[in-house]
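Accompanying notes for the structure given below.
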Amino acid sequence: MNQERLRQLTVPLLGWYERNARELPWRETPANAYHVWISEIMLQQTRVAAVREYYARFLREFPTIEALAQGEEERLMKCWEGLGYYSRARNLQKAARQTMERFGGELPRTYEELTGLPGIGDYTAGAILSIAQGQRVPAVDGNVLRLAARIMDCDEDIADVKVRRRFRAWVEEALPPAERCGDYNQAMMDLGATVCLPNAEPMCLLCPGRDLCAGREAGRQSSLPVKAPKKKRRVEERTVFVLLSGRGAALRRRPETGLLAGLWEFPNVEGALGEEEAARVLERWGVETLRWEKRIAAKHIFTHVEWHMTGYVLLCRPSGPADFCWAEGRDFADKTVPTAFARFRDEALEHLERQGRIK
DNA sequence: AATTCGGGGTG
DNA sequence: CACCCAGAATT
């Protein structure tokens with residue numbers, strides 16, 4: 001195999017990194033394991049550009065592990081609103097609490113203890129240990145898999161766990177001495193993000209590995225890595241109600257498990273209901289409607305499911321099932337409503353504001 | 001080994 | 001539209 005190519009990259013890569021490292025907020029305090037941890041969790045399956053603002057705001061709200069452990073869930077989730085994969089935030093707080101109890105408030109320094117904390121897996125443990133603790137541990141993410149596949153001209157399926165394990169072992173062999181491993185891991189990610197681009201023609205002329213890349217040599221750089229196709233999304237039809245009363249808009253909490261667990265949503269039912277069917281649902285709920293305002297079509301795409309939503313905005317009395325929560329003003333603003341319902345939240349806000357002015 | 005978890009940027 | 005992103009946990 002071509003692991004040798006990966007090993008040959010190490011020295012030029014570190015040199016490239018010294019001149020081309022991106023300036024990122026979490027790189028200002030690399031020795032602060034808490035900062036590194038927060039950034040790594042936020043960056044899971046999430047681009048740097050999306051994380052920046054969230055990172056700054058999160059650390060303002062929860063400056064230390066202790067503050068995070070003691071923080072209120074409502075505030076925590078509000079901090080995460082719009083970032084996605086909300087279990088990351090919940091796991092973060094669970095891990096913070098375990099850290100207070102088991103490790104005296106400091107993140108542990110071994111791979112086993114770190115991966116034992118909720119939300120910290122193979123990659124994140126490697127990132128924390130190498131960047132904040134100067135330990136010789138690899139951090140293999142999507143960037144590294146792509147880079148390694150190209151430089152070794154390896155066409156094995158990087159979606160396969162066994163293949164990933166082998167890649168990790170090869171990267172481990174290519175690692176520099178411990179004190180440079182944080183830089184090495186971050187250099188691989190920077191090179192992957194800015195030069196060895198995903199889903200596009202890589203900018204090989206700018207790459208420190210251009211003369212030793214087996215993929216480029218074979219002219220296959222842009223068709224690597226190979227990844228098994230994932231199955232397509234299913235489509236779900238839903239009917240969403242924006243119910244507006246003198247006490248505000250109706251929200252309810254989603255179940256504690258599953259999609260958007262524990263977040264707030266506008267009351268909704270399965271199916272694309274017409275007005276008559278929708279009216280029957282409201283009757284069943286015991287909602288006294290005063291006036292139908294309008295109908296809105298909205299679509300939201302998740303990774304594995306696609307919601308086609310029919311929304312009804314209507315004025316009503318503040319009646320309905322016990323799990324309805326009528327909220328306006330700060331109460332409404334404080335509740336975490338996921339992006340999937342953004343179109344309906346905006347509609348509700350517009351009406352609530354208008355009412356506020358009349359008063 | 002497969003599926004489930006969000007949301008957004010990009011070709 | 002399809003693909004991917006500083007992945008992890010659950011089934």
Side-chain angles (χ1 to χ4, degrees), chain A residues 21-22 24-27 30 35-55 77 80-92 94-95 114-128 130-132 138-147 157-165 168 171 182 184-194 196-202 222-223 225-234 254-263 299-307 336-342:
Chain A
R22 289 176 290 178
L24 302 171
W26 42 92
R27 288 184 178 170
H35 291 179
V36 175
W37 176 35
I38 299 301
S39 72
E40 292 302 340
I41 298 296
M42 286 187 170
L43 287 161
Q44 286 170 8
Q45 298 292 286
T46 310
R47 290 166 184 282
V48 166
V51 167
R52 281 182 186 272
E53 290 308 309
Y54 283 91
Y55 176 77
M77 298 317 291
W80 211 268
E81 186 179 51
L83 196 52
Y85 286 149
Y86 298 90
S87 68
R88 291 185 295 177
R90 296 214 163 81
N91 282 336
L92 214 37
K94 274 187 210 159
L114 271 179
T115 52
L117 291 169
I120 299 183
D122 191 60
Y123 162 77
T124 304
I128 294 172
S130 64
I131 298 170
V140 179
D141 71 333
N143 287 310
V144 177
L145 289 172
R146 180 176 60 257
L147 241 158
D157 176 14
I158 62 162
D160 188 328
V161 183
K162 293 196 300 290
V163 174
R164 288 187 185 215
R165 269 199 286 270
R168 187 178 195 277
V171 172
Y184 175 87
N185 287 333
Q186 295 183 85
M188 291 286 275
M189 297 188 243
D190 276 23
L191 189 59
T194 63
C196 200
L197 304 172
N199 225 349
E201 193 63 29
S222 55
S223 54
V226 172
K227 197 170 181 179
K230 39 209 129 138
K231 71 170 210 181
K232 63 175 196 180
R233 284 185 292 271
R234 66 178 182 277
R254 291 180 59 80
E256 293 305 314
T257 59
L259 189 64
L260 306 173
L263 302 185
K299 182 167 79 169
H300 188 79
I301 300 174
F302 300 95
T303 303
H304 61 292
V305 61
E306 186 171 325
W307 280 356
T336 306
V337 178
T339 306
F341 295 100

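So you know, we letter chains A, B, ... as the sequences are listed, proteins then strands, and number each from 1.
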Q. What does A:W307 touch in the nucleic acid at a heavy-atom separation under 4.0 angstrom: a base, only the sugar-phosphate, or nothing?
A. nothing
Q. Where the side chain of A:K231 is concerned, which of B:dG6, B:dT3, C:dA6 is the nearest nucleotide?
A. B:dT3
Q: Tell me whether the OP1 or OP2 atom of B:dG8 has a side-chain N or O from A:T46 closer than 4.0 Å.
A: no
**Q.** Proximal nucleotide (of B:dG9, B:dC5, B:dG11) relative to the A:Y85 side chain
**A.** B:dC5
Q: Mind listing the closest non-hydrogen atom pair of A:I128 and A:V36 along with its distance?
A: CA-CG1, 4.0 Å
Q.
Between the base of C:dG7 and the side chain of A:T124, is there a donor and acceptor pair under 3.5 angstrom?
A. no
Q: Would you indicate, yes or no, if C:dG7 has its OP1 or OP2 atom less than 4.0 angstrom from a side-chain nitrogen or oxygen of A:Q45?
A: yes
Q: Kindly say if A:K230 contacts the phosphate of B:dT4, meaning a side-chain N or O under 4.0 Å from OP1 or OP2.
A: no
Q: Select one nucleotide: of B:dG7, C:dA8, C:dC4, the one nearest the side-chain heavy atoms of A:P198.
A: C:dC4
Q: Could you tell me whether A:S39 contacts a base, only the sugar-phosphate backbone, or nothing, with contacts defined as non-hydrogen atoms closer than 4.0 Å?
A: nothing
Q) Taking only side-chain nitrogens and oxygens of A:Y86, does any of them come within less than 4.0 Å of OP1 or OP2 of B:dG7? A) yes
Q: For the residue pair A:V140 and A:R164, establish whether any side-chain heavy-atom pair is separated by less than 4.5 Å.
A: no
(Q) Between A:F302 and A:H304 (judged by ring centroids, cut-off 6.0 Å), do the two rings come close enough to count as a pair? (A) no
Q: Using a 4.0 Å heavy-atom cut-off across all strands, classify A:N143 as base, sugar-phosphate, or nothing.
A: sugar-phosphate
Q: Remember a base hit wins even if backbone is also touched, and classify A:I41 as base, sugar-phosphate or nothing at under 4.0 Å, heavy atoms.
A: nothing
Q.
Work out how far the P atom of B:dG6 is from that of C:dT11, and round it to whole angstrom.
A. 15 Å
Q) What nucleic acid atoms does A:D122 come within less than 4.0 Å of, heavy atoms only: base, sugar-phosphate, or nothing? A) sugar-phosphate
Q: Please check the phosphate of C:dC1 (OP1 and OP2 only) for any side-chain N or O of A:K299 closer than 4.0 Å.
A: yes
Q | Whole-Å C1' distance, C:dC1 and B:dC5 | A | 22 Å
Q: Specify the separation, in whole Å, of atom CD of A:E306 and atom P of B:dG7.
A: 14 Å
Q: State which of C:dA6, B:dT4, B:dG7 makes the closest approach to the side chain of A:R234.
A: B:dT4
(Q) Over all strands shown, is A:G192 touching base, sugar-phosphate only, or nothing at heavy-atom distances under 4.0 angstrom? (A) nothing
(Q) What I want to check is whether the side chains of A:R88 and A:N91 have a donor and an acceptor closer together than 3.5 Å. (A) no
(Q) Can you confirm whether A:L24 sits close enough to A:Y55 that some side-chain heavy atom of one is under 4.5 Å from a side-chain heavy atom of the other? (A) no
**Q.** A:L43 CG to C:dG7 P, straight-line distance once rounded to whole Å
**A.** 8 Å
Q: Using a 4.5 Å cut-off on heavy atoms from C-beta on, say whether the side chain of A:Y54 contacts that of A:T46.
A: no
**Q.** Beyond-backbone contact of A:E81 with A:T339, side-chain heavy atoms, under 4.5 angstrom
**A.** no
(Q) Students often get this wrong, so: under 4.0 angstrom with heavy atoms, is A:K232 touching a base, only sugar-phosphate, or nothing? (A) nothing
Q: Between A:R47 and A:A200, name the one whose nearest nucleotide on DNA chain B is closer to the 5' end.
A: A:R47
Q.
What's the closest nucleotide to the side chain of A:Q186 if the choices are C:dA6, B:dG11, B:dG7?
A. C:dA6
Q.
Using the P atom as the point on both nucleotides, what is the distance between B:dG11 and C:dA6, in whole Å?
A. 14 Å
**Q.** Nearest-angstrom distance from the residue atom CG of A:L259 to P of B:dT3
**A.** 17 Å
Q | Distance test, side-chain N/O of A:R146 to OP1/OP2 of C:dC5, below 4.0 Å | A | yes
(Q) On the side chain of A:R88, is there an atom forming a donor-acceptor pair with the base of C:dA9 - under 3.5 Å, no angle test? (A) no
Q. For A:H304 and B:dC5, is the shortest distance between a side-chain N/O and OP1 or OP2 below 4.0 Å?
A. yes
Q.
Among C:dC4, B:dG6, C:dA8, which nucleotide has an atom closest to any side-chain atom of A:N199?
A. C:dC4
Q.
Students often get this wrong, so: under 4.0 angstrom with heavy atoms, is A:V144 touching a base, only sugar-phosphate, or nothing?
A. nothing
**Q.** A:Y123 versus A:Q44, side-chain donor and acceptor atoms under 3.5 Å
**A.** no
Q) What is the nucleic acid contact for A:L145, judged by heavy atoms within less than 4.0 Å: base, sugar-phosphate only, or nothing? A) nothing
**Q.** Euclidean distance, atom CE of residue A:M42 to atom C1' of C:dA6 [Å, nearest integer]
**A.** 13 Å
(Q) Applying a 4.0 Å non-hydrogen cut-off, can you work out what A:S87 is touching in the nucleic acid: base, sugar-phosphate, or nothing? (A) nothing
(Q) Quick check for you: among C:dA6, B:dG7, C:dG7, whose closest atom lies nearest to any side-chain atom of A:Q44? (A) C:dG7
(Q) For a quick check of understanding: with a heavy-atom distance under 4.0 Å over all strands, which category does A:R22 fall into, base, sugar-phosphate or nothing? (A) base
